[in-house]
Undergrad: 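Take a look at this one; I'll ask things after.
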Amino acid sequence: MTAQAVDMGAGPKALRVVALAATVPYLVLKSAWLSGSRVGIPADSPLLEQGAFLAAANAVTLAMDASVIVLVLVLTRPWGMRVPSWLLTLPAFVAGGLLTPILVAFPAQLLIRAAGGGPAAAGYAARPFLDPWVFTVVYTGFCVQGLALAGLFVPYARRRWGRRWQGVLGRGLPSPTGVVAGAAAVGAVVIAAVHLYWAFGGSAGLGEERADAHTAVTGVVSGVHAVCALAAGAGAVLLVRGGNRAAWWPSALTWTGSAAAVCWGLWPWIASLGPQLDGGEPASAALQWIYAGQVITGICAAAVLTRFLTSRREG
């Protein structure tokens with residue numbers, strides 16, 4: 001595979017520059033905090049009370065965003081076509097799963113705030129743990145990263161694995177895979193129902209502080225998680241059934257939905273095991289169950305997608 005085949009013209013080069021530049025604000029902030037700076041952190045922020053746990057969290061998230069740089073290079077350099085599939089798809093899956101809900105929810109939250117429907121910034125609380133501008137800078141960077149990575153990953157995947165997800169779905173998958181898809185669909189419906197209940201103001205299971213803090217802005221996040229869960233379940237069912245539909249869009253639906261469900265179930269669950277960085281109450285039992293349900297639903301849908309792509313290779 002030649003360099004020209006991997007890096008085609010000005011478009012991919014521009015996206016590479018944009019993606020790399022979009023990591024800079026977050027990396028600079030995290031590096032500053034690890035070095036002892038308190039830029040962007042209010043004097044009474046509960047973050048200042050976390051000590052070693054906060055330092056560890058900053059180091060982990062710094063490494064995660066730095067890995068985006070490696071991912072961008074893999075997608076745009078000649079040697080990237082020789083990277084083992086699993087070594088690429090795992091970080092791409094995680095990046096897509098973490099960034100997709102942000103890419104949808106954050107612009108929607110900005111529109112709601114502009115219309116006077118919510119607080120001035122994400123993370124609004126009685127004791128703000130970060131200055132409002134931090135959220136704007138960081139989440140804008142995440143949105144740009146998400147768009148740029150998608151623009152680089154899709155043509156890369158077309159060149160490397162295109163024959164597996166192009167064309168029509170074809171024959172359905174074996175019945176054991178259908179059971180897994182059914183589990184994903186049931187889980188998706190349950191998870192989506194709970195998230196939509198919370199999105200529209202329901203408070204049961206949230207905990208007192210989260211229920212009191214509910215606004216249209218926070219409701220958007222629950223709504224996006226509901227949509228992602230449904231995408232995972234629906235995509236898995238479509239892949240199992242087969243047929244004459246174009247294969248790319250059920251594959252994309254399952255990939256995106258399952259990645260978001262897994263990552264946004266696992267990430268807050270892991271975070272809930274330590275002290276709450278915003279000084280709020282711990283996640284309720286209901287939230288813990290929803291996190292677990294999202295992870296299980298996402299894993300089931302991802303397993304169906306893996307089986308579908310494997311069957312195309314075998315065929």
Side-chain angles (χ1 to χ4, degrees), residues 21-69 98-99 101-103 105-146 198 203 206-222 224 263-264 266-284 287-288 291:
T23 66
V24 172
Y26 192 78
L27 294 177
V28 169
L29 275 172
K30 289 292 182 175
S31 299
W33 293 338
L34 283 170
S35 66
S37 172
R38 293 296 176 257
V39 59
I41 303 177
D44 61 344
S45 171
L47 288 178
L48 300 178
E49 304 166 4
Q50 302 302 331
F53 182 82
L54 177 60
N58 281 332
V60 170
T61 50
L62 173 68
M64 290 173 64
D65 204 48
S67 68
V68 172
I69 298 174
L98 290 174
L99 292 174
I102 294 173
L103 184 58
F106 183 62
Q109 290 176 324
L110 292 179
L111 290 175
I112 291 172
R113 293 187 196 108
Y124 176 80
R127 291 176 64 196
F129 61 101
L130 289 173
D131 290 335
W133 65 264
V134 174
F135 292 99
T136 301
V137 169
V138 167
Y139 282 94
T140 299
F142 286 160
C143 289
V144 174
Q145 286 181 43
W198 288 335
S203 60
L206 277 178
E208 184 177 351
E209 289 185 10
R210 286 180 174 85
D212 291 343
H214 180 273
T215 65
V217 171
T218 59
V220 166
V221 177
S222 292
V224 169
C263 292
W264 284 100
L266 192 59
W267 179 253
W269 177 76
I270 292 175
S272 71
L273 299 179
Q276 300 303 293
L277 295 182
D278 61 0
E281 64 183 357
S284 65
L287 273 171
Q288 298 279 10
Y291 295 155

Undergrad: List the residues meeting side chain to side chain contact (heavy atoms under 4.5 Å, CB included) with Val28, not counting sequence neighbours, and say none if there are none.
TA: Val24
Undergrad: Give, for atom CG of Asp65 and atom OG1 of Thr61, the distance between the pair rounded to the nearest 0.5 Å.
TA: 8.5 Å
Undergrad: Would you name the heavy atoms of Cys263 and Leu98 that are closest together and state the gap between them?
TA: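 Reported closest heavy-atom pair: CB-CD2, 3.7 Å.
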Undergrad: For the residue pair Val68 and Thr23, what are the closest heavy atoms and their distance?
TA: CG1-CG2, 3.8 Å
Undergrad: How far apart are the closest heavy atoms of Ala283 and Ser272, and which atoms are they?
TA: CB-CB, 4.1 Å
Undergrad: Once you round to the nearest 0.5 Å, how far does CD of Glu208 lie from OG of Ser203?
TA: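 Answer for the CD-OG pair, Glu208 versus Ser203, is 10.5 Å.
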Undergrad: Applying side-chain hydrogen bond (donor to acceptor under 3.5 Å, both in side chains), can you list everything that pairs with Trp269, at least two apart in sequence or on another chain?
TA: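 Applying side-chain hydrogen bond (donor to acceptor under 3.5 Å, both in side chains) to Trp269 gives Gln288.
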Undergrad: Could you pull out all residues at least two apart from Pro101 that satisfy side chain to side chain contact (heavy atoms under 4.5 Å, CB included)?
TA: Val224, His225, Cys228, Ala260, Trp264
Undergrad: Show the nearest heavy-atom pair for residues Val144 and Ala22, with the distance to one decimal.
TA: CG1-CB, 3.7 Å
Undergrad: What heavy-atom pair brings Asp131 and Pro42 nearest, and what distance separates the two atoms?
TA: OD1-CG, 3.3 Å
Undergrad: Using a 4.5 Å cut-off on heavy atoms from C-beta on, say whether the side chain of Ile41 contacts that of Leu130.
TA: yes
Undergrad: Let's go through Arg38 and Leu47 carefully: what are the C-alpha distance in whole Å and the side-chain angles of both, what is the deciding distance for side chain to side chain contact (heavy atoms under 4.5 Å, CB included) to 0.1 Å, and is it a yes or a no?
TA: CA-CA 10 Å; Arg38 293 296 176 257; Leu47 288 178; over 6 Å; no
Undergrad: Once side chain to side chain contact (heavy atoms under 4.5 Å, CB included) is applied, do any residues pair with Thr218, and if so which ones, sequence neighbours excluded?
TA: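 With neighbours one apart ignored, the set is His214, Thr215.
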Undergrad: Using the ring pair (Phe, Tyr, Trp, His ring centres under 6.0 Å) criterion, which residues pair with Tyr291? Sequence neighbours excluded.
TA: none
Undergrad: Hey, would you say the Phe135 and Phe129 ring centroids sit under 6.0 Å apart?
TA: yes
Undergrad: Taking all atoms of both residues into account, what is the closest heavy-atom pair of Val217 and Arg113, and its distance?
TA: CG1-NH2, 3.3 Å
Undergrad: Listed by chain and number, what are the side chain to side chain contact (heavy atoms under 4.5 Å, CB included) partners of Pro107, not counting sequence neighbours?
TA: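 Result, side chain to side chain contact (heavy atoms under 4.5 Å, CB included) vs Pro107: Cys143.
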Undergrad: So, do Pro25 and Val138 sit near enough that their side-chain heavy atoms are less than 4.5 Å apart?
TA: no
Undergrad: Going from CG on Leu103 to CZ on Phe106, what distance comes out if it is rounded to the nearest 0.5 angstrom?
TA: 11.0 Å
Undergrad: Sub-3.5 Å donor-acceptor pair from the side chain of Trp33 to the main-chain atoms of Ala55, do we have one?
TA: no
